[in-house]
Each structure stands twice: as structure tokens, then as C-alpha cells.
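The next block holds one structure in the form of C-alpha cells; read it before the comments.
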Amino acid sequence: FEPEDLVRTQPAGNYNESFEFIRDGKSVIVRTSPPDGNFHSLDQSMRYLTNHFSIGSPVVQPIRARSGNLVEEVVALDGSRCCVTATRKSPGLTHDHLYKDTLSEQAFRSIGNALAIFHKNSQKIGYADWDFPELLDADNCFNVWHYDERIDKRIIGKYEKQRESYAEHLPSQEDYGVIHGDIHFDNIIVDTTSNAVTFCDFDDICRGLYVTDLAMILFDLAIIMRCENKAGVVRNLAEIVLNSYSDSRKVDRISLSEMEGFLKLLELSLFIQYYGLYKNSDPLDGWLKLFYEGREERILCDTPLLSDI
């Protein structure tokens, strides 16, 4: 392709830039990493994604370059290096906000079912031959590397306590493996005509409890949903996702109460990670506004994520 053939997709993402172009009449999404991105890590993720696609997982299809590589390094004029990947564009849309009627209940069942398929196939592929990091050793939404000195120390203490609680879980073969690690509604492509679901953006793949992928879906749902009786709507849709997931994986039903600890870990981690951006944003809008308004008080009062939202 030529640079003039590229059309920037919206949103571009926090760390990668995405572009769309047409090859042989089919749309392809090209993503470029930040300068000096980790080639080995991205190449491993793309190879793992290729394995998933080959056995029928609901994931985007990786496209190889003419060289046969899944990842190409491109040197910019300033000497910095970027990693470039390509995937086939899947039918449907991602969402950075939701209303009560944006997606049908069947679409949420499909999301639960699709995640169950992804996790079942993760078990088939295994993790022994891959060197993905553990969830709490990786760069992701659950793991904080630096603390802003302006953050209330009580919040940091609550985060560290939740982190310790996660680390104490003794995973079984049934509930632990390679997970997506960043599975919010901007990374879930839903075709509203067929309710088909496809997952994208596998930059944060790691090893962890499967339930953490579920936690991120429910967390994002609670933040970006905009409607009357929001708490009731979110809890109903969350239960649909959990029940569909449990039924598809043929595991014991996962209750909302069982999710609270994982949701709280994510809430605390994101509060800390994006605190600097939040304090420096004027005016506050978008996801930051939806997440941070009233959040500090809720955290200090130990308000469960899915209550009174």
C-alpha cells in the first residue's frame, strides 16, 4: 500500500495508531506501535493470535506481509523504529459508549459465548510454550507501576490490598491460562445484524485468571452505559454475559458477587494509572469524565462497582 491509501480509524487508541486500507477489495486494519515498540512481544502475540484464528476463535484474522512476517519493523526519518501489524477488518462496530438499546440482549449473550470459546481454545493451545508474563507482572489495566504523589494514600493502600488478594488465588487448570488482558467494548466488534462477536487488540496478552477478562467487560459496561435505571440495566446485562459464559464453558455459574473483588482491583488500578491525565484534563470529557466523576468518594466509601451507578 501507499501512505495516501491509508485512512486513520477513530479512535486511534491510547498507544497505537490504526489505519484502514483496501487490498483485493477487502478492508485491512494496519496498526503501528509507539516508537521502539517491543518487536518480540508483539510478534509472539500475533503468532498466538494466528493459532487462535486457525482453530475458530472469534478473533480478528492476522495478515502476513509479503515477506511472510506477522510483524514488520519500520524505521522513521528520525531513526526511531515502529512495529507494524495488519489484520482483516471484521464486520461490525466497537463502542466507547452504550445506551440501553445500542446492543440487544442476544448480543450480550454472544459476547459471553465468544469469550467462553476464546478461553476454551486458550486451554487447547496452552501456555507452556509461550513466555507471556503473569497478569501482575505485565503492563496492563490491572497493574500499577507508578503512583502519583497527589493520590490519597488510603486509595493506594486499598489497591495494594486487592492486589495481594488476587495474588493469593490458587488457580486450577480450569480457571487459569492465557487471557486477552484488555477486553473492553472498544476491543469487542459486534455485528448487530447477526450478533456475531470478534475480539481485537491483543497487545496486552498475558497469563492470568480467566475471570479477569470477564471483569473488564463488566467494568467497562458499568462505566460507559448511559441510561435511566442504570444500575438495574447493567446488572441485568452483566448477568446475561456471565450466564452465557458459564453455560458455554460448562462451568459453575459465576455470580456478580464473585466478581466484586476483581472489579474493585480494576477500579483502583485504573484510578491510579490515569490520575495524572485526569487532573490535567480541562475540560473533563469522554471516558475520563464517566469514570472519575464521584469515583474517589465511592472508592473511599468502599462502594461496590455495580451498586448505585
Q) Within a reach of under 6.0 Å around OH of Tyr166, are more than 12 heavy atoms found that belong to other residues, nucleotides or ligands? A) yes
(Q) Within the 4.5 Å heavy-atom criterion, are Trp145 and Asn143 side-chain neighbours or not? (A) yes
(Q) Check whether Asn140 reaches the backbone of Asp182 with its side chain - one donor and one acceptor, N or O, closer than 3.5 Å. (A) no
Q. Has the side chain of Ser281 got a donor or acceptor atom that lies under 3.5 Å from a matching backbone atom of Pro283?
A. no
Q.
For Gly208 versus Ile179, what's the shortest heavy-atom pair and its separation?
A. O-CG2, 3.7 Å
(Q) Looking at Arg249 and Glu174, is any side-chain nitrogen of the basic one under 4.0 Å from a carboxylate oxygen of the acidic one? (A) no
Q: Run the numbers on Arg295 and Arg298 for side-chain contact (heavy atoms from CB on, under 4.5 Å), then give the verdict.
A: CA-CA 5 Å; Arg295 186 65 50 187; Arg298 290 173 61 86; 3.6 Å; yes
Q: Sort out for me which residue in Leu115, Asn187, Ile205 forms a side chain to side chain contact (heavy atoms under 4.5 Å, CB included) with His180.
A: Asn187
**Q.** Verify same cluster id: Leu49, Ile55 (apolar side-chain graph, 4.5 Å)
**A.** yes
Q. Do side-chain atoms of Ser80 reach the backbone of Pro35 as a donor and acceptor pair under 3.5 angstrom?
A. no
Q.
Testing the basics here: between Ser27 and Ile22, what is the closest heavy-atom pair and its distance to 0.1 Å?
A. OG-CD1, 3.2 Å
Q) Do the non-hydrogen side-chain atoms of Leu218 and Phe262 ever get within less than 4.5 Å of each other? A) no
Q | Under 3.5 Å side-chain donor-acceptor pair for Asp175 and Ser172 | A | yes
Q. Between Tyr147 and Glu160, do the side chains contain an N or O donor and an N or O acceptor separated by less than 3.5 Å?
A. yes
Q) Would you say the side chain of Ile299 lies within less than 4.5 Å of the side chain of Leu268, judging by non-hydrogen atoms? A) yes
Q) Does the gap between the ring centers of Phe185 and His97 come in under 6.0 Å? A) no
Q.
Quick one: does any side-chain atom of Ser54 pair with a main-chain N or O of Asn51 as donor and acceptor, under 3.5 Å?
A. yes
Q.
Using the rule side chain to side chain contact (heavy atoms under 4.5 Å, CB included), only one of Ile189, Asp186, Thr102, Ile188 pairs with His95; which is it?
A. Thr102
Q. Going by atom types alone, do Ser57 and Asn121 pair a side-chain donor with an acceptor below 3.5 Å?
A. yes
Q | Listed partners of Gln106 passing side chain to side chain contact (heavy atoms under 4.5 Å, CB included), at least two apart | A | Ser104, Arg109, Ser110, Asn195
Q. Looking at Tyr278 versus Phe291, is the centre-to-centre ring distance below 6.0 Å?
A. no
Q. Less than 4.5 Å apart, any side-chain heavy atom of Leu237 and any of Leu221?
A. yes
Q: Please lay out, stage by stage, how Asp148 and Arg150 fare under the test salt bridge (charged side-chain N to carboxylate O under 4.0 Å, His left out).
A: CA-CA 5 Å; Asp148 190 305; Arg150 296 170 292 180; 2.8 Å; yes
**Q.** By side chain to side chain contact (heavy atoms under 4.5 Å, CB included) - contacts of Pro58 (at least two apart)
**A.** Ala114, Ile117, Phe199
Q: Give a yes-or-no answer on whether the side chains of Thr87 and Gln61 include a donor-acceptor pair shorter than 3.5 Å.
A: no
Q: Return the minimal non-hydrogen interatomic distance between Val178 and Gly126, and the atom names on each side.
A: CG2-O, 4.2 Å
**Q.** Straight-line distance of Cys141 SG to Gln273 CD, nearest 0.5 Å
**A.** 6.0 Å
Q. So how far is it from Ile224 CD1 to Tyr99 OH, rounded to the nearest 0.5 Å?
A. 10.5 Å
**Q.** Asn236/Ile240 under side-chain contact (heavy atoms from CB on, under 4.5 Å): CA gap, chis, key distance, verdict
**A.** CA-CA 6 Å; Asn236 176 59; Ile240 288 174; 4.0 Å; yes
Q) Would you call Lys264-Glu267 a salt bridge at under 4.0 Å N-O? A) yes
Q. If you measure from the Lys or Arg side-chain nitrogens to the Asp or Glu carboxylate oxygens, is any gap between Arg31 and Asp203 under 4.0 Å?
A. yes
Q. Are any non-hydrogen side-chain atoms of Ser122 and His52 less than 4.5 angstrom apart?
A. yes
Q.
Tell me whether Val74 shares a hydrophobic cluster with Phe21, the cluster being built from Ile, Leu, Val, Met, Phe, Trp, Tyr side chains joined at under 4.5 Å.
A. yes
Q. Just by distance, do the side chain of Arg226 and the backbone of Lys100 share a donor-acceptor pair under 3.5 Å?
A. no
Q | Donor-acceptor contact present, side-chain Glu73 to main-chain Arg81, <3.5 Å | A | no
**Q.** Within 6.0 angstrom of Arg47 CZ, more than 12 heavy atoms from elsewhere
**A.** yes
Q.
Given 3.5 Å as the limit, does a donor-acceptor pair link the side chain of Ser269 with the main chain of Leu265, or not?
A. no
(Q) Give me the atom names and distance for the closest heavy-atom approach of Tyr275 to Tyr292. (A) N-OH, 3.0 Å
Q | Under 3.5 Å side-chain donor-acceptor pair for Glu260 and Ser257 | A | no
Q) Just by modelled atom types, is the Phe39 backbone N or O under 3.5 Å from a matching donor or acceptor in the Asp43 side chain? A) no
Q: Examine distances only and state if a side-chain atom of Arg235 and a backbone atom of Ala231 form a donor-acceptor pair shorter than 3.5 Å.
A: no
(Q) Quick check: closest heavy atoms across Cys83 and Asn38, and the distance to 0.1 Å? (A) SG-C, 4.3 Å
(Q) Checking Ser248 against Asn113: is there a side-chain donor and acceptor pair closer than 3.5 Å? (A) yes
**Q.** From CA spacing to verdict: side-chain hydrogen bond (donor to acceptor under 3.5 Å, both in side chains), Tyr245, His119
**A.** CA-CA 10 Å; Tyr245 176 86; His119 286 163; 2.7 Å; yes
Q: Among Thr85, Asn16, Val84, find the residue that satisfies the side chain to side chain contact (heavy atoms under 4.5 Å, CB included) test when tested with Thr32.
A: Val84
Q. Can you tell if the side chain of Arg88 reaches within under 4.5 Å of the side chain of Val60, non-hydrogen atoms only?
A. no
(Q) Check whether Ser255 reaches the backbone of Glu258 with its side chain - one donor and one acceptor, N or O, closer than 3.5 Å. (A) yes
Q: Specify the closest pair of heavy atoms between Val144 and Tyr159, including all atoms of both residues, with the distance to one decimal.
A: N-OH, 3.0 Å
Q: Could you tell me how the ring of Tyr48 sits relative to the ring of Trp130: parallel (under 30°), tilted (30 to 60°) or perpendicular (over 60°)?
A: perpendicular
Q. Are any non-hydrogen side-chain atoms of Leu93 and Val190 less than 4.5 angstrom apart?
A. no
(Q) I'd like to know whether Glu72 forms a side-chain contact (heavy atoms from CB on, under 4.5 Å) with Ser67, so could you lay out the CA-CA distance, the side-chain angles of the two residues, the decisive distance to 0.1 Å, and finally the verdict. (A) CA-CA 9 Å; Glu72 291 284 358; Ser67 64; 2.3 Å; yes
Q: Evaluate the side-chain proximity of Leu242 to Leu214: yes if any heavy-atom separation is below 4.5 Å, no if none is.
A: yes
Q: I would like to know whether Ile155 and Leu300 meet side-chain contact (heavy atoms from CB on, under 4.5 Å); could you show each step before the answer?
A: CA-CA 7 Å; Ile155 293 178; Leu300 291 174; 3.8 Å; yes
Q: Only pairs at least two apart or in different chains count here, so list each salt bridge (Lys or Arg N to Asp or Glu O under 4.0 Å) that has a residue in residues 270-291.
A: Lys289-Glu293
